[in-house]
Amino acid sequence: MSGAEKGLNAAQLRAVTHDQGPLLVVAGPGTGKTRVLTHRIFHIIQDRGVAPERVLAITFTNQAAREIAARVSTLLGQKVHGPVIGTFHAWALSFLRRNLGEAARLPIDEREASALVSRAMDEAGIPLKDLRATREAVSRIKLAGPCPEDGDRLLFCFSAYQGLLSRHGLWDFDDLLVEALRLLREDPGRGRPHALLVDEFQDVNRIQYELVRAIAPSTGEVTVIGDPHQSIYGFRGASPEFLGCFARDFPQATVIRLKTAYRSPQRFLDAATRVIGAEGLASARGEGPRILARGFSCPEEEAAWIARRVDELVGGVSFESLNSGGCRSGPLQGLSGIAVLYRINAMGEAISRAFSARGIPHQRADRKDPFEDRDLCLAGRVWDAVRAMHTGGRCYLVTRLAEECSLPEPEMEKVLSDLAGLSGRILFDAILARFFLSLPLFIQKAMEKAFEADPEPVSFSSLVREGADLFVPGMEAAGLMSMHAAKGLEFPVVFIAGCENGVLPWGDSDPGEERRLFYVGLTRASRILHITWAERRIFHGRTERGGRSPFLRDIPEGLITIEEARPRPRRRPRQKGLFGP
DNA sequence: AGCAGAGGGATTTTT
DNA sequence: TCCCTCTGCT
């Protein structure tokens, strides 16, 4: 099959078929990054004859891993043993298990880790209200070592936490990376794939970068794909600088830039690149309409306008007339093609209310952690304890469980050993029955889906998280989500709400990263892009009047129409009650 | 142990 | 503003 037959442009084709050592693909928004990645995996296996299981592709979320795996297997046409596609953590865990066997510890999820940190804090005399900050600090110390500002209490807490983990034979998420790296460095030949590909490289942090270096095959077959302008996870240690490090540490690396964008029309692209002060990308979608930015006096009016506008767009009556640019128009794909993006999830509240008031189906992506359900949480603990009957962390889990269920420990042990022969779905159902647990309907459904996709899951929490994707991309509903959550997604119609100074950019956050975040938001839209702000917004009980985001000043006039908020003369008289005297 | 009231903190998020 | 912790009281 030729590149043209696959629908690849010249640069994409070069990236897919590159055969000379390390490759760095710099791929702007909508330039076909995922196509390149999947086709390149296919190329390595099919055309170069590399055994599929010796190809390792790393993504940042399980969701992305599943998507890419699905696309590769479509290309390969049902190969028996596919390439390994997963997150750093998933790969590290299986690597550790493969190499350590019985000595592998039991991985715990974030909830469990926090519980252990709070115990360590207790020992160290740190007030529990600082749990969040301390948990973050502990993670930072583990990944990057202590820094001079770290107090004695914090350091003590850290070692107490490490002690708890080791005493109980447990690993937290960070340990997976740390231990895998240690093992790789002890024995550099071990576990190296024949080809390594890393997606979203702008999101790697230091340890992940080190892992890439350590895993990189001696064949030099390393591909990293990323976009420094979309690096928005600095708060957890990611930095676009690692793209530069890659070029330095792999000096023979070829750099290919994908510059043709197939998603955003030129105007949106130009606006976005101006915000981050980058060089332009060329759109293959024509000039497109201007961005409409509009101010409102308060978030409720802002939300009401967005809802009204969505109604109009889905009704479709006036759609043709609105689409004034060179963009080919046609019916929108309905509500699933519409997204409202914002800086913080709290802002979804007002929007959601306005949509409900108009009867517009919508889904919020900031789903609650399903583990907040007590019964599911307990089921998860039991699951882990049963699975741990074969590994190391058993005593600890039994003790905890016994505590939690107020059962004597021996009795709990008996219950668990009764369940020990079971696995998968059957084990789960048995746990529900034995502990008299009942789950909300949406979790039941999620679990059903999860077991279908993964009948013998490695870890319970990953199973739940995969199953509980309450945000279903194809669903016939408008999407409400943070700009972070929108990364990697695309919608015909995008609203970016709350574009106010202090919100976007947020407080004292790194302005550069805030600009990149806005860039990500702006480049999600393929047809219509609206920006809104509110003159007054109540935050934590305080009325903030940040005014329109300074970022809008960087968008040249020809690309955007800005409509100031109309002051509302009509002051609503205070009304005690509808049926009052 | 359990509750009432004070007080402080309140992004973004994956594994 | 609202929610979670901590404290002190019963």
Side-chain angles (χ1 to χ4, degrees), chain A residues 58-65 86-94 96 107-114 118 121-122 125-136 139 142-143 170-180 199-200 203-205 207-208 211 230-238 299 341-350 365-369 371-372 457-466 468-469 471 481-488 498 500 502-518 520-521 537-544:
Chain A
I58 289 177
T59 59
F60 270 76
T61 62
N62 283 314
Q63 197 178 338
T87 61
F88 277 106
H89 298 267
W91 174 82
L93 179 59
S94 78
L96 288 166
I108 55 171
D109 63 20
E110 190 48 42
R111 247 178 357 84
E112 199 71 47
S114 283
S118 67
M121 287 166 75
D122 214 35
I126 299 174
L128 214 58
K129 71 175 166 68
D130 296 333
L131 174 59
R132 209 176 124 154
T134 311
R135 173 71 189 100
E136 275 169 20
S139 171
K142 183 172 298 193
L143 293 179
L170 305 171
W171 275 329
D172 65 18
F173 283 122
D174 299 328
D175 287 318
L176 299 178
L177 305 186
V178 171
E179 295 303 320
D199 194 16
E200 305 277 21
D203 287 334
V204 299
N205 56 28
I207 191 156
Q208 289 166 333
L211 267 174
Q230 292 185 69
S231 174
I232 53 174
Y233 286 102
F235 63 91
R236 56 183 204 218
L341 314 183
Y342 31 72
R343 177 63 235 260
I344 58 167
N345 286 126
M347 292 181 16
E349 203 57 47
D366 63 320
R367 50 177 180 261
K368 282 249 178 273
D369 187 347
F371 278 114
E372 274 177 24
V458 199
S459 104
F460 187 80
S461 60
S462 72
L463 174 85
V464 170
R465 248 172 276 280
E466 283 175 35
D469 278 334
F471 190 86
M481 70 195 83
S482 68
M483 278 178 273
H484 284 91
K487 200 182 74 168
E500 293 132 42
V503 177
L504 185 71
W506 178 263
D508 53 0
S509 292
D510 168 22
E513 182 151 317
E514 298 293 307
R515 283 179 181 277
R516 294 194 293 273
L517 189 55
F518 193 33
V520 167
R537 189 178 296 273
I538 297 170
F539 261 131
H540 319 317
R542 307 187 73 81
T543 302
E544 304 289 347

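Reminder, nothing fancy here: chain letters follow the sequence lines and each chain counts from 1. No experiment lies behind these values; they were computed from the predicted model shown.
A donor-acceptor pair under 3.5 Å is absent between the side-chain atoms of A/Glu349 and the main chain of A/Ala346, judged by distance alone. Under a 3.5 Å cut-off, the side chain of A/Tyr342 and the backbone N or O of A/Met481 do form a donor-acceptor pair. Proximity of a side-chain donor or acceptor of A/Glu514 to a complementary backbone N or O of A/Trp506 within less than 3.5 Å is detected.
Bounding nucleotides for the chain A contact on DNA chain C, 5' to 3', at a heavy-atom distance below 4.0 Å, are C/dT1 to C/dC6.
Here the side chain of A/Phe173 is nearest to one of B/dT12, B/dT15, B/dT13, namely B/dT15. Closest contact between the side chain of A/Ser509 and the listed nucleotides B/dT13, B/dT11, B/dT15 involves B/dT11. The side chain of A/Thr61 has B/dT15 as its nearest neighbour among B/dT15, B/dT13, B/dT11. Taking only side-chain atoms of A/Arg236, from C-beta outward, the nucleotide of B/dT12, B/dT15, B/dT14 with the closest atom is B/dT14.
Atom-to-atom, CG of A/Leu143 to P of B/dT13 comes out at 20 Å; the value is rounded to the nearest Å. Counting to the nearest Å, the P atom of B/dT12 and the CH2 atom of A/Trp506 are 7 Å from each other. Protein atom CD of A/Glu500 is 15 Å distant from nucleotide atom C1' of B/dT11, rounded to whole Å. Taking atom CZ on A/Arg542 and atom P on B/dA10, their separation rounds to 15 Å, with Å as the unit. Remark: P of B/dT14 and NZ of A/Lys142 are 20 Å apart, rounded to the nearest angstrom. The NE2 atom of A/His89 sits 16 Å away from the P atom of B/dT13 (whole-angstrom rounding). As rounded to whole Å, 7 Å separates atom C1' of B/dT11 from atom CD1 of A/Ile344. The distance between atom CD of A/Glu349 and atom P of B/dA10, rounded to the nearest whole Å, is 20 Å.
When all heavy atoms of A/Thr87 and A/Ile58 are compared, the closest pair comes out as C-CG2, 4.2 Å. For A/Asp203 against A/Gln230, the heavy-atom pair with the smallest separation is OD1-O, 4.2 Å. Residues A/Asn205 and A/Gly237 come closest through the heavy atom pair CB-O, 3.1 Å. Annotation for A/Glu513 and A/Phe235: closest pair OE2-N, 3.9 Å, computed over non-hydrogen atoms. The two atoms that bring A/Trp91 and A/Ala180 nearest to each other are CZ3-CB, 4.3 Å, heavy atoms only.
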(message) Let's go through A/Glu544 and A/Val503 carefully: what are the C-alpha distance in whole Å and the side-chain angles of both, what is the deciding distance for side-chain contact (heavy atoms from CB on, under 4.5 Å) to 0.1 Å, and is it a yes or a no?
(response) CA-CA 10 Å; A/Glu544 304 289 347; A/Val503 177; over 6 Å; no
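Note that the CZ atom of A/Phe539 and the CD atom of A/Glu500 stand 7.5 Å from one another [nearest 0.5 Å].
Residue contacts shown for A/Arg343 include a base, since a base heavy atom lies under 4.0 Å away. Nucleic acid contact for A/Phe88: none, since no nucleic acid atom lies under 4.0 Å from a heavy atom of the residue. At the heavy-atom level, A/Asn345 lies under 4.0 Å from the strands shown only through sugar-phosphate atoms.
Taken together, the paired segments of DNA chain C that extend over three or more consecutive Watson-Crick or G-U pairs, each closer than 3.5 Å at both contacts, are B:1-10 with C:1-10.
At least one side-chain nitrogen or oxygen of A/Ser482 sits closer than 4.0 Å to the OP1 or OP2 atom of B/dT13.
Aromatic stacking of A/Phe235 on B/dT12: satisfied, with centres closer than 5.5 Å and planes within an angle under 30 degrees.
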